[in-house]
Amino acid sequence: MAVTERGSGSLVFAINGVRFELPTVDPSTTLLHFLRTQTRFKSVKLSCGEGGCGACTVLLSKYDPVNDKVEDMTASSCLTLLSSIGGCSITTSEGLGNSKDGLHSIHQRMSGFHASQCGFCTPGMCVSIFSALVNAEKTDRVDPPPGFSKITVSEAEKAIAGNLCRCTGYRSIADVCKSFAANVDIEDLGLNSFWKKEDSNKVKVSSLPFYDRNNEICTFPEFLKREIRSVMSLDSKRDNWLRPSSLEELRNLLNSNNVGEGTETKLVTGNTGSGYYKELEHYQQYIDLKGIGELCMIQMDKEGFKFGAAVTISKVIEVLKDAKQARFPSGGEMVFNKISNHMEKIASKFIRNTASIGGNLVMAQRRHFPSDIATILLAADSMVEVMRGTRCETFTLEEFLQMPPLDFRSILTSIKIPNWGSTKKASHQKDSVLLFETYRAAPRPLGNALPYLNAAFLAEVSPCKASGGVLVSRCQLAYGAYGTKHAIRARKAEEYLAGKVLTDDAFYEASKLVRATVVPEDGTSSPAYRSSLSVGFLFEFFSSFIDTTAETTDGLLGKCEDAVLAKDLKLGETENQFNHDEIPTLLSSGKQLIKTSPEYYPVGKPITKSEAALQASGEAVYVDDIPSPPNCLYGAFIYTTEPFARVKNITFKPDQQPRGVVDVISVKDIPEGGENIGSANMFGTEPLFADDLTECAGQRLAFVVADTQKHADVAAELAVVNYGVEDLEPPILSVKEAVRRSSFFEVPPVIYPKQVGDASKRMAEADHKIISAKIKLPSQYHFYMETQTTLAIPDEDNCMVVYSSNQCPEFVHNVIAKCLDVPGHNVRVITRRVGGGFGGKAIKAMPVATACALAAQKLQCPVRIYMDRKTDMIMAGGRHPMKITYNVGFKSDGKITALELEILIDAGMSVDISPIIPSNFMGAFKKYDWGALAFDIKLCKTNHSSKTAMRGPGEVQGSFVAEAIIEHVASFLSMEVDSVRQKNLHTYKSLRLFYGDSAGEAQEYTLPLMWDKVAMSSKFSQRAQMIEEFNMCNRWKKRGISRVPIMAEMTVRAAPAKVSILSDGSVTVEVGGIELGQGLWTKVKQTAAFALGSIIADGAENFLDKVRVIQADTLSLIQGGFTAGSTTSESSCAAVRLCCDVLVERLTPIKEKLQESLGSDSIKWKMLIAQGYSQSISLSSSSFFIPDMSSMRYLNFGIAVTEVEINLLTGETSILRSDIIYDCGQSLNPAVDLGQIEGAFVQGVGFFLYEEYLTNSDGLVTANGTWTYKIPSLDTIPKQFNVEVLNSGRHKKRILSSKGSGEPPLFLSASVHSAARAAIRAARKQINSWGSPGGSDSIFQLDVPATMPVVKEFCGLDIVERS
C-alpha cells in the first residue's frame, strides 16, 4: 500500500514481515496484548507483566533512513506500548521459522540440546539468542567458520541472562547459546541428539543444525523501508498519542488546556516504569518523548558526555564503552568504563534497550525508585538540565535529587557526565592517582534484581612522604537503594577523609560516619545488613591503602594507571580477592554421563522431548493461546486482605468506578443444589468463595467478569471490601498459637508414618545429647511461568467445555459438576499441556476452572481467565512451612543412637493435600540410620492460605532436616561432618528396618556405591584439602564443600491409557498423566513404539514418528488421577504397554496368516493394519494399570557434592561446582531424566539460597512479583555442573526397570546450603581468631533461605571493624 493511502493518524508497523495498519488504537494497549489478541503470533507469553522474566521478549527493529541502517534490539512486549512502535518491525519466534516452512537452527538446537521442558519460556529465549546473533554480525570481527556466528561464548551466554526458566536449570539452554559461538570448545557442549560422545570434533561440528549467517532472516522488510524513506517517519499522530518533535512543541503541549496532570496525561519513553509502579489509572492522552531531538541527542566534548534524557540505558552503555575511541585522558576513560560496566548490571537487556536514562532518574527523584544510575552518576559529579516553562536550569545531580518532586510541566532534558581526565575536574598533581569504583549487592550478579545497597566512590590519593602512607586529597562517597528517598553523598565522611593519611584509625572513624549516614528508613528489610554493606564497600575501595602488611589484595592496582606510582603506594601484588567491577562469568563447563540400554528400545534412548521444537517456534498451544470465542468475557478474583473477619460487602469507590465490568460472581450465584466447592480430594474440600467469614488473607471472595482481562484485573484491584471483626477471636497466624488453641487437621492413621525402635532406651545409650534444638523452614512459591488459566465455554444441553491448565483434570471435572449441580457427563475438561506446574496446578487449579465455569453458566457466554502474577502468588499457598524441635543422642564417634522429633506443620486454612506431608517428610528423613526414631507430627490449621503440593512436598524439608541434625552433631563433636554422615549411612539391614518392603532387594541399594563413586569423580578429598588451604590464604572469601545423600520413597499409582491404531497405520495414545514439561508424552511415545514395534520387521525404530499422544479429555479417558509424585510417567507407560500388548495379541494371528500367504516373515505395518481393518478387528484398546502391591513402593537414591564460595563483605554465595549422581534405574529416557535432575536441583537452590516468600503481619503475601521474589537465574547456577544418570538396571519389578526423576533431585540442593554453612564456619573461625568471639564458630543453625543478609549476619555485620 502506498503511503498516501494511509489514513490520517494510522499506526503502521510490521510483525514477522506482515504489514499492519491500525486507524485507531487505545494508547494503553501493550504490544503483547495486541500480539496475543489481534494476531496469530502467540509465541510471546505473558508471565510476570513486569518485564522481569523474558517470556514476552520480541525483537524490535528500527530503521534509520538517513544512514540506511537497521537497529535491532530485544524488548519486553508486556511493557512496550503498541502506539510507540510506529514504523518499527517486530520479530517473534514464529518469524524465525516453523515446522511447516522450516525451523530456524535456534529452534532445532533448543530441541536437540534438550533445552525445553514445559516450553513456556522457550520462545522468549529463542528471540534473545537471535538478537545476540544478529547484533554480533554487525561487528567488525573476522568471519567465523561456516555454521557459526561472530558471537563469543561470553556474549552468547549473557544473551539470556534476563530470561527466567523454572524447569531446565539453564545448563542446557546455555549450551544452545554457546553452540553458535565461533570460539566455543565443542567438547564443552553437553548432551544432545546431534552427535555421539565418541565422535570427532569435525563430525560434531558438521552435525549441528546449520546456522547460515549469510542468509539470516530479514528483520526489517523492504516495503516498510520504502514507506519510511518516502515520508521519513511512520509515527502516528492521534489525539490520544502525541509525539512532539521539539522541546518547544512539548512546552506548548504541556501549557495547553488539553493536557492535564494526574490521570489525564502520561509522558512516556519506554514505559518500563510501569513494570515497577503498577498503574490502575486510565490515561486520556500519552505524550511520547522519543521524537524530540533534544531529548535523544548525544554530545561529546573534552568536558565529557551529554545525554538527552530519552536516550536508552543501552545506548548510554554503548557510548561510554566507546570512550576509548574518543581518546579521553586515562582518568576520564576509566570513570566512563566503570559507569558502563555497572549499568550492564541494571535490569536486563530487554529492559535497558527501551528504558531511558532520564526516566530512571525521574523515577528516583519523583517516586524514590532505588536507582543504581542515580548513585553512580552522583559520585561522578554529574549535572542535569531541567526545563521549567520557558527556562532551562542546570543543577548538580545531588541538588536535583534533593529538590521537591518535579511537577508535571517540569521536564528533565539532559544529563552531563563529566570527564574526570579534564584539568577542570581532577587536581592533576604530579603524584596523584584518580580512583573510581562502583558497587552493588544484589541477589543476582548480572542484574535483573534490585540491590540491597549500591555505592560509587571517587577519590584522589597520593603518597605521603612524611608518613610513608597514602594521603586522600578528595573523595566523593555516594550511597543509594538502601531504604532511603534517594541516593545521597556521605558528606561528613568525605570531609573527614579529605586531607587525611589512610590509617586503621582514620578508616575506623570514617566508617562510623558512614554508618551514621546510611540509615535505612523504618520498614526497610535487613537494615543492619545494608548499613554493614556501606562500610564493607568503603573498606573494599580503600583496602589496599589501609592494610599494606596483610596478604589482602591488589584491589586498587588496576585502578592506578601508573605502575610505578602503584608500587610507591605499596599496593599489594597478590591476587585480587574482590574483582567487584568485573562482569561475572557464567557457566564454565559441565559434564553429563548417561548409559543407555537396548533392552526395551527405543525406550531408554535419549531422544528429544516430544513437542520441543514446536515449543521453541511458538507453535505449541497452551490454554491462553486458544483464540477467544465470540462474546468471550474475562475474569479476575477479588481476594481478602484480612485473615479472619466478617465480610460486610464489596463495593467500588465512587471516584474509581471500573470500566467494562459485566458482573461480580460470588457465593450467592452458585445455583440451587450446587455446592460452594472450589477444590476437593480424598482428604476434604475448600470453598470456592468465602461466605460470611474470611479464613485467610488471600482467600477468594468474588469473581469479577469484564469485557477484557485488563478491565477485570483493574476492577479486582479497585474493589473495596468492608470487614468486621466484632465478636471474633483473633486469627491463628502461627503454629504456636495453633497448638495453644488445639487447631489441627487430622492425619488418617493409615498414612501416618510408623516410628522405629525404642527411642527412650536408645537415647539412654548415648554418650552425648542435644536437647530441644530448633529448626524453622519457610514456604516456597512454585513460580510456574504460565500462571493459572482457564477457558470455559457453555455447550448445548446445559453442558460445559473447560480448557484448563491443571495436573488433575478428573478432579477439576468433579468439582465443577458439584458446583454447577450438573451430572458429570455434562462437563468436559480438556488439558493439552501445562506451562509448568510443580504441584501448584493440582489442587490450586481447581477453583480457577470452577469459577470460570460458574460465571460461564450464569452469563451463558464463554469466560476465561489468565491470572495476573500478583494474584497468583497471593493465592498459591506454596510449600508447607514447618517448625521442628529435636532431641538427639549420639556416641562420641558420631553414631546416632536415637532421635526424637516434634514437628509442627502450617497447613493453612484448609486441608488440601496436607495429610500426606508427615509420611512424605519421614520418607526422605529416614535416609540415615537414626538408631531409634520417635516423633510427634501435628498439622496445624491456621489463618494462612492453605498450603499445597510443591515439588517434593514434605520430602525436601525432611531431607534437609536430616542434614541439619547431622551437621549439629558434627559441630558438637568438632568432627568433620562428612565422616558423621558416612558413619550414619544405612546398612541394608537398617534400611529394611526403617523402610520395610520399600527397601527392595539388597542389590537394589545402590547408595553406598554412589557415595564412593561421587567421591572419586568429584575428587572430594583433594578439593576439601584445597579449600582448607584457600581459606587460610583468603581473608574476605571463604569456600565450603559438602557431600549429601538423598533417599526418596516413591509410590506408583494406578493409571489409565487408550491406544488406537488408525487406518493409515498412525497411532494415537491417550493417558491420564498430563504433560507438564517432565517428558511424559515422550516416554509414552517410546513405550508405544517399543510395545507395538515388536510385531513387524520395521521394528520400533521407525515407530516413533507414527505415534502421537493427544490431549487429556475427561469424557474420553476417565480415572486420570493426579499427575504428581514423580511416578506418573512410569504408570502411564505401564498402562500404554498393556494396551499395546492387547493390540499385538489381536494382530498376531493376522500377521501369521499374511506371512504364510506371502511366504515371507517381513510384513509391513501398513499392510498388517489394512488387513486388521478389513477383518473388522478392534484396533483400539483401553487399559487401567494397577501396580502390584509388592512393587508399588520403592526407594530412589542420589548423591551431590557441591562447592561454594562466600563473600564475607556482601554475603554473596557463588556455587562453584556441583557433582550429582542419581539412580534412575534403567532410565526411560536419559535426556529427559537429566533435564529433570538439573531443573529440580536448581529449583532447590532457589529454596535454600534465594526465594523469600514473605507476608505481612496478617499473612498476606507481599513477595508477589519478579521484583520481590527471586528464583534462580542463569548467573546463579553452578559454574561447573556435572551430572551422571546412573543406570543401575537391577529393578526388574519396576516398570521397564525404571525409576522416577521429577522430584527427588530437588533434595540434593541441600548440598548447596551445607557447603555454604561450611564456608561460614570457616569465616566464623577466622573472626573468632581475631579476638572478641561472638559465640561458637561451629555450632549455629543457618536459616533457609540463606540469603545474602543471612550469610553476612552469620559472618559478622561488623566484620570490617573487627578485622
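All residue numbers refer to positions in the sequence shown, counting from 1.
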Looking just at side-chain N and O atoms, do [X] and [Y] make a donor-acceptor pair shorter than 3.5 Å?
X: Asp912; Y: Ser914; result: no
X: Ser945; Y: Lys947; result: yes
X: Arg828; Y: Thr1114; result: no
X: Thr1123; Y: Gln807; result: no
X: Tyr781; Y: Asn1264; result: no
X: Glu1303; Y: Ser1126; result: yes
X: Thr708; Y: His711; result: yes
X: Tyr634; Y: Asp713; result: no
X: Gln699; Y: Thr640; result: no
X: Ser805; Y: Glu786; result: yes
X: Ser610; Y: Thr1082; result: no

To check you understand the geometry: which heavy-atom pair defines the closest contact between [X] and [Y], and what is its length?
X: Asp669; Y: Val664; value: OD2-O, 3.5 Å
X: Lys1058; Y: Ser1180; value: CE-OG, 3.5 Å
X: Pro731; Y: Phe644; value: CB-CB, 3.8 Å

Looking at [X] and [Y], would you say the former's side chain and the latter's main chain have a donor-acceptor pair under 3.5 Å?
X: Tyr803; Y: Arg832; answer: no
X: Gln615; Y: Ala620; answer: no
X: Arg1053; Y: Phe1122; answer: yes

### Task
Validate the cation-pi geometry between Arg869 and Phe783: distance from NZ or CZ to the six-membered ring centre under 6.0 Å, angle to the ring axis within 45°.
yes
### Query
So is Lys45 actually on top of Tyr622's ring, under 6.0 Å and inside 45° of the axis?
no
